[in-house]
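Read the structure below first, then the notes.
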Amino acid sequence: MTSHESKPASAPPHRYTARYANELEVRWQGEWESRGTSRVRNPGDPDFDPTRPKFYALDMFPYPSGAGLHVGHPEGYIATDIVSRFKRMRGYNVLHPMGYDAFGLPAEQYAIQTGVHPAITTRQAIDNFRRQLKRFGFSYDWSREVSTIDREYYRWTQWIFLTLYESWYNPWRRRAEPVAELVKRLARGEYVINLFGELVADAAGIAATPIGGEPVGRRRWHDLSEDERRDFIDSKRLAYLGESVVNWCPKLGTVLANDEVIDGRSERGGHPVLRKPLKQWMFRITEYSQRLLEDLDKVDWPQSTRTMQREWIGRSEGAEIDFDLVGAPHAAGPSIRVFTTRPDTLFGATFMVVAPEHPLVDALLADPGPKTDEQALRAYVAAARNRGEVERMADSQAKTGVPTGLLAANPATGWRIPIWVADYVLMGYGHGAIMGVPAHDQRDFDFAARFGLPIIDVIYPRARLAMKYFADQARPEDRVGERWRDQMADFVGLVTSLNAEPGAFGPLLETIRGRRAPAGGESGGAERRGTIRSTWLDAIDDMGIDRLETLEARLREGGLARADGSAYEGPGYAVNSPRPGTNSGVDVNGLPASQAKVQVTDWLTLKGAGRARVNYRLRDWTFSRQRYWGEPIPIVFDMQGRHYPVTKLPVVLPELDDYHPIESDDPQPLLSKAWSWVSSTAAEAGIPPGLLPPETPVRRETNTMPGSAGSSWYFLRYCDPSNPRRFVDPAAEAYWMAGGVDLYIGGAEHAVGHLLYARFWHKVLSDLGHVSSPEPFRKLFHQGLITSFAYQRPDKTLVPVDHVEPAPPEVTSATGKLYVERGTGTPLNAVVAKMSKSLKNVVNPDDVIAEYGADTFRLYEMYMGPLEMSKPWNPRDISGCFRFLQRAWRLAVDEDSGALTLAPTADERLERLLHRLTVKVETDIERLAFNTAIAAMMEFVNAATPPGAAAGAGVLTREQAQRFALLLAPFVPHLAEELWQRLGHTASIAHADWPDHDPALLRDDTVEIPVQVQGKVRGRITVPAGAPSDAVQAAALADERVRQFIADRPIKKVIVVPGKMVNVVV
RNA sequence: GCCGGAGUGGCGGAAUGGCAGACGCGACGGAUUCAAAAUCCGUUCUGGGUGAAACCAGGUGUGGGUUCAAGUCCCUCCUCCGGCACCA
């Protein structure tokens, strides 16, 4: 028992104690619930008021863990609750819902250990979460609660999956359309399929033509066989079966995340992990790359989050280029396609690298060429494939690889360049193949240096281009002695200091030649020239250029990068493109790299060997999980392995006898243990008879959906949570989602995953006309982490809080440390760390509420600091908020009698303060700056509690007390409601009108202005508000102290900032 | 390495380029009390100055710059937190 709660008998009976707070909070929560105070109606409902504007305040719904809420959860919830309550008082219809993201791994793991069905533990956890959440007095409309594990919820998650399955992305119209539409267009001949299996819009004749534009063999839809049609359509669906590699642990019978694999073994148990390709459902989110990128400009999100999404999408402009294979046509095809952002460096491509997973490698292993070291290749590829991506990135320095024995032709130079396999090239990006330009890409440089491949400069920065120009133009007399060094240094210095273009090099060289050697007594120009010269002389020395001939030899062989020992990746001008004396169909020598890019790309396009291309880092979204506790994917397969959609929804997750994973070398989803469920018939599984005859035996999909499935659309279901006919009623969606969710608060850890996936689904649904808005979340805000104080030994290890005790005075005076470790006496530093079970510094909100009440908890968490910042939980500080509420309470209620203490007439000073406070609180709520709003309310209470005021006297009038209660209401709804009712209201404060303010009362008649002399405050003057500048200036200069500080110095300038400040400059 | 964010009293923090430290905690002093807790009142950046004030000087991670005026804007560096990382 804490002190302020003990012996309530000695406290006045109506003091706002923890017990008092808890009593009234629980009482009001019951009242609100039974009165339906937080219920909100939908358009079309009888008591819906369509004249009010809407506000949708959304929290990221929690995963209901068995441990219950911790103090980090409510932070965002309190914030949205304050805004929701405020908006309600301002006349908005407010949608403020809560639910549970309830599928997930912890419950499944618990089931594996104990055999208890995840549904049971999850329901218990949800009940506990709900109880805890309700105790905070959040104004959620609990009738809209949803949980992703409810059948009536996941039925619609499955429906959205099927919607994507039945859709494709039309690149010409830049939107998703039903697959049926595609079939129709194909049948009508509007679209045809070319020899490469690519879709071509016949009428438009644009895009999707192969590189080169050679005659395209087109196939009409009715020329295709049934299977060909089916394969083609399947290849276009937004939900498709793709193959991706997973970390399969046979012993654990499960797929592991990259960070759960260490050195090819499982983190848990150290069992071997295999990298296995697996057929998985994928979403074609990559089709939406550009739109997901562009629409980031439309939303009011933190800059950092938008940047993260941009980088995740990773747009880069460049070209794709086909390199012909040399020699006999290979099984892998006639050429290798690469993507590059640097087509300007094509002349410097001296080798190629393909990823170990590249099709060329498989083809080559099946049919090795004469020059292929099959053994080495096979060994390398096998090793590389079994290394996880994380591992491959971990040893990022030393490049490895083996030659394939194949050669390709560089289309610009005609050189035959070797093709290597190396794992620094990733199959998942671009085409899984690169052209190696070692002089201008550090990774390629490292690789070339390691394996002795040629390195040829093709881009020079301006300074080096100037050196080359100088060497090319050097006259015999320039070569004499050391003269060339000074001349060249001067020339390069002039070129760089003027940012001169190559066209201007000639005249500049003449200027240099015209200069005399600097003699004594010259102008500052020579001195400056001397500095620049020595800079460039140093640069020349650093390059190891001792004679002009050395430079010329380097330039001739294109060996500057090699000599530097590193690639030059910066901007510059094309050189050696082509090299002197060689031929090429294109010449970009001397062009700035940016122009060379365009020219090379244009030339490649014309030649049919390449084209401009935008590439994205974003990859398709793998949607299959080999888990039990997730939404079943509504698909069945026939005996030929063809897939069909299950239209009878929901596909209900079957029960299992036990949840132990299947030990197997081949990945087996846990659901495949439900064999009687898996084996079904078309009719039983819910396949329309038009698609398959009812008796056809089918096998159900045993993969389940990932956690991000249910969370990608829950905000839509809140709009219309129990609709049995649609995932959301169009009118409800159009009303609540107009312009997107108005405020969405949640952790920054979802910056890319959840927020990108939800945007993608939303865009698809929007394209198909199922939702009205293009973006789901208009305003997004991330609350900061709530951390905790932790105690650190000198060696930086942390000590659990229950092993910490205050330091004895002698330790403090000797070391300055305030804490020591119990037992050892080791002095400890107080630091800030994440709350964690091991440090025993996790705070349970239930305890805090028992000790102070929910209102104090709400207030404290908002008072700690800016919402977006991470901040440490300090139990000591809570009492400040608690005392504030006590004082606020005492302002209106006599602690002994419980009677109202009100003043008969309004104090004018307090009236002004109250108007100001009203403005301050409303602007701060809009800015989500709750800490300063609360500080302002504290100041008001301090001002309204004059020292020495007799108890029970009353300072505020009834009307003022009411307005103050209204300001408190969003923050501390229970206390505010109690005051409101005691002040004579029967309707809830939740729907009372926010108080108005009188702008006239915001300004004082006179203002005190500091007067500075030389920027230091030397006096103060009091002038009428809005006084003209010259009057203010006159008053300032008349001030006695100001005159003292000016003394007899002449006044240079007087700056008057109206209403703020005067500064006298002397 | 790259991209964000942050660095202000003993602590959490406040401050549209305009009086640095609002507000709260803690600490200290006082009232109340037999005593304590709770509650209430006062003081509290540092140094100088004074009986006490007034007042003076310095002060927002480091070093520089812009400005009449910088915690705030620009550049350099340091530290901490978060994210990404062979993306061609």
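Scope of the values below: all heavy atoms of this structure, side chains included, with no hydrogens, waters or symmetry mates. Letters A, B, ... are given to chains in the order of the sequence lines, protein chains preceding strands, and every chain is numbered from 1.
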What's Arg306(A) touching, base or sugar-phosphate or nothing? Going by heavy atoms closer than 4.0 Å. nothing

task: Would you tell me whether Thr932(A) and Asp924(A) have side-chain atoms, one donor and one acceptor, within less than 3.5 Å of each other?
output: yes

Protein and nucleotides 14-18 of chain B: nitrogen or oxygen contacts under 3.5 angstrom:
residue : atom : partner   : partner atom : Å
A14(B)  : OP1  : Asn931(A) : ND2          : 3.0

query = Do Asn615(A) and Arg315(A) have side-chain N/O donor and acceptor atoms under 3.5 Å apart?
reply = no

Worksheet item: Should Glu922(A) and Arg927(A) count as an ion pair when the cut-off is N to O under 4.0 Å?
Response: no

Per atom distances to the Arg15(A) side chain, the nearest of C56(B), U39(B), G24(B) is U39(B)

Requested in this report: Determine the Euclidean distance between corresponding C1' atoms of G26(B) and C34(B); express it in Å to zero decimal places.
Outcome: 29 Å

*Under 4.0 Å: is that the gap between some side-chain N or O of Arg883(A) and OP1 or OP2 of C41(B)?*
no

**Message:** One thing to verify: whether Asp1039(A) and Arg1041(A) come together as a salt bridge, which I'm taking to mean a side-chain N less than 4.0 angstrom from a carboxylate O.
**Reply:** no

message: Using a 4.0 Å heavy-atom cut-off, does Arg315(A) contact any base of the nucleic acid, only the sugar-phosphate backbone, or nothing at all?
response: nothing

Exercise. Do Arg611(A) and Leu604(A) touch side chain to side chain, with heavy atoms closer than 4.5 Å?
Worked result: no

Rounded to whole Å, CZ of Phe882(A) lies from P of G12(B) at a distance of 24 Å

As its Watson-Crick or G-U partner within any shown strand, both distances under 3.5 Å, U60(B) has none

Rounded to whole Å, CD of Glu895(A) lies from P of C40(B) at a distance of 8 Å

The nucleotide from A88(B), G26(B), G24(B) with an atom nearest the side chain of Met938(A) is G24(B)

In numerical order, the residues of residues 435-444 of chain A whose heavy atoms come under 4.0 Å of RNA chain B are Arg443(A)

Fill in: Rounded distance in Å between the P positions of G5(B) and C73(B)
11 Å

Please classify the nucleic acid contact of Phe1045(A) as base, sugar-phosphate, or nothing, using heavy-atom distances under 4.0 Å.
sugar-phosphate

Of Tyr616(A) and Ile1009(A), the one whose closest nucleotide on RNA chain B sits nearer the 5' end is Ile1009(A)

Item to complete: Would you please indicate yes or no on a ring centroid separation below 6.0 angstrom for Phe964(A) and Phe940(A)?
Response: yes

Side-chain contact check for Val425(A): nearest option of C84(B), A88(B), G12(B) is A88(B)

Please state the P separation for the pair G21(B) and C45(B) - nearest whole angstrom. 10 Å

To the nearest angstrom, the NZ-C1' distance between Lys871(A) and A6(B) comes to 13 Å

Rounded P spacing from G47(B) to G30(B) in Å
22 Å

Exercise. May I ask you to decide whether Arg450(A) forms a salt bridge with Asp446(A), counting only side-chain N to carboxylate O separations under 4.0 Å?
Key: no

From CD of Gln886(A) across to P of G24(B) the rounded distance in Å is 14 Å

Base orientation of G64(B), chi within 90° of 0 counted as syn, else anti, reads anti

To the nearest angstrom, the CG-P distance between Asp423(A) and C87(B) comes to 13 Å

For this session: For side-chain contact (heavy atoms from CB on, under 4.5 Å), just list the numbers for Met435(A) and Ile321(A), CA-CA rounded to whole Å, side-chain angles, deciding distance to a tenth of an Å, and then say yes or no.
Result: CA-CA 9 Å; Met435(A) 61 180 202; Ile321(A) 306 177; 4.3 Å; yes

If we count only N and O atoms by modelled type, under 3.5 Å, do the side chains of Gln886(A) and Arg15(A) hold a donor and an acceptor together? no

Side-chain atoms of Val1017(A) come closest, of C23(B), C19(B), C56(B), to C19(B)

Separation between the P atoms of G17(B) and G7(B), rounded to whole Å
15 Å

Quick note, Trp312(A) side chain, CB onward, closest among C84(B), A57(B), C25(B) is C84(B)

Applying the 3.5 Å cut-off to both distances, the Watson-Crick or G-U partner of U50(B) turns out to be none

With a 3.5 Å cut-off and just heavy-atom distances, do the side chain of Arg1020(A) and the base of C19(B) make a donor-acceptor pair?
yes

Using Watson-Crick geometry (N1-N3 plus N6-O4 or O6-N4) or G-U wobble (N1-O2, O6-N3), each under 3.5 Å, G18(B) is paired with C68(B)

Problem - Separation of the P atoms in U62(B) and U39(B), to the nearest angstrom - result: 39 Å

Going by distance alone, is a donor N or O of one side chain under 3.5 Å from an acceptor N or O of the other, for Asn22(A) and Tyr852(A)? no

Here the distance between atom C1' of G83(B) and atom CG of Leu785(A), to the nearest Å, is 14 Å

Taking only side-chain N and O atoms of Lys1016(A), does any of them lie within less than 4.0 angstrom of OP1 or OP2 on G58(B)? yes

Is any NZ, NE, NH1 or NH2 atom of the basic residue among Lys871(A) and Asp877(A) found under 4.0 Å from an Asp or Glu carboxylate oxygen of the other?
no

Partner of G26(B) under the Watson-Crick or G-U wobble criteria, both distances under 3.5 Å, comes out as U44(B)

Separation of A57(B) atom C1' from Gln1014(A) atom CD, nearest Å, is 16 Å

Proximity of Trp301(A) and Phe781(A) rings by center, below 6.0 Å: no

Applying the 3.5 Å cut-off to both distances, the Watson-Crick or G-U partner of A31(B) turns out to be U39(B)

If pairing means Watson-Crick or G-U wobble with both distances under 3.5 Å, then the partner of C2(B) is G83(B)

Considering only heavy side-chain atoms of Arg1041(A), the closest of G10(B), C55(B), G82(B) is C55(B)

query: Can you list the steps and then say if Trp889(A) with Phe882(A) is a ring pair (Phe, Tyr, Trp, His ring centres under 6.0 Å)?
result: CA-CA 11 Å; Trp889(A) 175 256; Phe882(A) 183 63; over 10 Å; no

| message | What's the gap between U60(B) and A27(B) when it is taken at their P atoms, as a whole Å value? | response | 28 Å

#### Entry: Same-atom distance (C1') from G9(B) to G4(B), integer angstrom
29 Å

- Is Tyr863(A) side chain donor-acceptor paired with the C23(B) base, going by distance under 3.5 Å alone? yes

ask   = Can you find a side-chain donor-acceptor pair between Tyr616(A) and Thr286(A) that sits under 3.5 Å?
value = no

Taking for Ser870(A) and for Thr340(A) the nucleotide of RNA chain B with the nearest heavy atom, the one nearer the 5' end belongs to Ser870(A)

With a 4.0 Å cut-off on heavy atoms, is Gln303(A) in touch with a base, just the backbone sugar-phosphate, or nothing at all?
nothing

message = Students often get this wrong, so: under 4.0 angstrom with heavy atoms, is Arg890(A) touching a base, only sugar-phosphate, or nothing?
response = sugar-phosphate

Here the distance between atom P of C23(B) and atom CG of Asn942(A), to the nearest Å, is 7 Å

(message) Tell me if the side-chain of Lys399(A) makes a donor-acceptor pair with the base of C86(B), cut-off 3.5 Å, by modelled atom types.
(response) yes

